[in-house]
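Working notes, beginning with the structure itself.
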Amino acid sequence: MVREQYTTTTPGTSLERPKNEYIYKIGIYGWRKRCLYLFVLLLLIILVVNFSLTIWILKVMWFSPTGMGHLRVTKEGLRLEGESEFLFPLYAKEIHSRVDSSLLLQSTHNVTVNARNSNGEVTGRLNVGPKMVEFHSQQFQINSKDGKPLFTVDENEVVIGTDKLRVTG
């Protein structure tokens, strides 16, 4: 509690001043004040370092409002332009190349494409290795540009061309 003192004197009288033992200093003084300033300075340095590292990471990873690097987010899904390397399997509903260029898939061992049904079971598998191409499915068909079947294979027959040659048995 703060106690205020009013001293009034009349001419010719003397009053003693209050002793310093009853006067308290309010605030932080001495080594505590220096430690507080040092702590605030340390927090400010950490804030600046974190902010600069965040800016550096955003710049190195090529973040932008539309995506990251060659990866763009569109209304239809994700669009990847340029060359990219995938370390783990890639799962996609559709993969398209540009109209004027072909889709190139490279691997050190093989490239495997799996088709799955709604339950997640593999219904077809295309495996392209260094020495052979394997296809596991009920039917394999190669179509021309206008959609006509050129080569069809199933369990019963092989059709080459548009119904010109059939091999059964």
Side-chain angles (χ1 to χ4, degrees), residues 28 31-169:
I28 301 173
W31 65 271
R32 292 184 199 118
K33 189 175 193 176
R34 288 188 189 103
C35 286
L36 181 65
Y37 285 150
L38 182 67
F39 183 67
V40 169
L41 182 66
L42 182 67
L43 285 177
L44 187 64
I45 290 171
I46 289 173
L47 176 82
V48 168
V49 167
N50 279 341
F51 186 69
S52 61
L53 285 176
T54 302
I55 298 278
W56 178 72
I57 288 172
L58 290 175
K59 188 170 183 162
V60 167
M61 296 296 290
W62 296 352
F63 278 103
S64 68
T66 59
M68 178 180 80
H70 297 292
L71 191 64
R72 301 279 177 242
V73 179
T74 62
K75 292 179 183 177
E76 293 84 26
L78 295 176
R79 181 181 181 104
L80 181 64
E81 297 178 349
E83 294 184 11
S84 294
E85 183 176 340
F86 296 95
L87 300 177
F88 296 106
L90 172 66
Y91 298 98
K93 183 177 177 182
E94 293 179 10
I95 298 176
H96 298 282
S97 67
R98 292 183 185 170
V99 176
D100 58 345
S101 64
S102 60
L103 180 65
L104 176 65
L105 300 174
Q106 291 181 343
S107 175
T108 56
H109 301 291
N110 61 13
V111 174
T112 303
V113 179
N114 290 331
R116 298 180 183 270
N117 61 10
S118 60
N119 297 332
E121 300 167 348
V122 176
T123 57
R125 173 178 291 143
L126 173 67
N127 190 357
V128 180
K131 296 184 180 179
M132 73 171 136
V133 175
E134 288 182 75
F135 188 79
H136 302 278
S137 183
Q138 294 176 355
Q139 183 180 8
F140 178 70
Q141 184 171 346
I142 297 175
N143 295 331
S144 65
K145 287 184 180 181
D146 52 343
K148 294 180 181 175
L150 297 176
F151 180 74
T152 305
V153 177
D154 61 13
E155 294 177 3
N156 300 326
E157 62 183 2
V158 175
V159 178
I160 299 174
T162 56
D163 291 331
K164 292 186 179 177
L165 177 62
R166 278 186 198 269
V167 179
T168 60

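None of these values were measured; they are calculated from a predicted model.
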*So, N119 side chain and E121 main chain: donor-acceptor pair closer than 3.5 Å or not?*
no

*For F86, does the CZ atom sit with more than 12 other heavy atoms under 6.0 Å from it, leaving out its own atoms?*
yes

*Around R79, counting heavy atoms of other residues, nucleotides and ligands shown, do more than 12 lie under 6.0 Å from its CZ?*
no

Enter the distance from [X]:[atom1] to [Y]:[atom2] here, rounded to the nearest 0.5 Å.
X	Y	atom1	atom2	result
T112	N114	OG1	CG	6.5 Å
N50	I46	CG	CD1	7.5 Å
L41	R34	CG	CZ	15.0 Å
L38	L43	CG	CG	10.0 Å

For [X] and [Y], which heavy atoms make the closest approach, and how far apart are they?
X	Y	answer
T123	S137	O-OG, 3.7 Å
N127	N110	OD1-ND2, 3.4 Å
S52	V49	OG-O, 2.9 Å
S101	S97	O-OG, 3.0 Å
N143	P149	OD1-CA, 3.3 Å

*Side chain proximity check, D154 to T152, heavy atoms < 4.5 angstrom*: no

*Heavy atoms, side chains only, cut-off 4.5 Å: are L126 and V111 in contact?*
no

What side-chain donor-acceptor pairs closer than 3.5 Å can you find for residues 57-73, not counting sequence neighbours?
from	atom 1	to	atom 2	distance (Å)
S64	OG	T66	N	3.4
S64	OG	T66	OG1	3.2
S64	OG	G67	N	3.4
S64	OG	G67	O	3.2
H70	ND1	E81	O	3.1
R72	NH1	G69	O	3.1
R72	NH2	G69	O	3.3

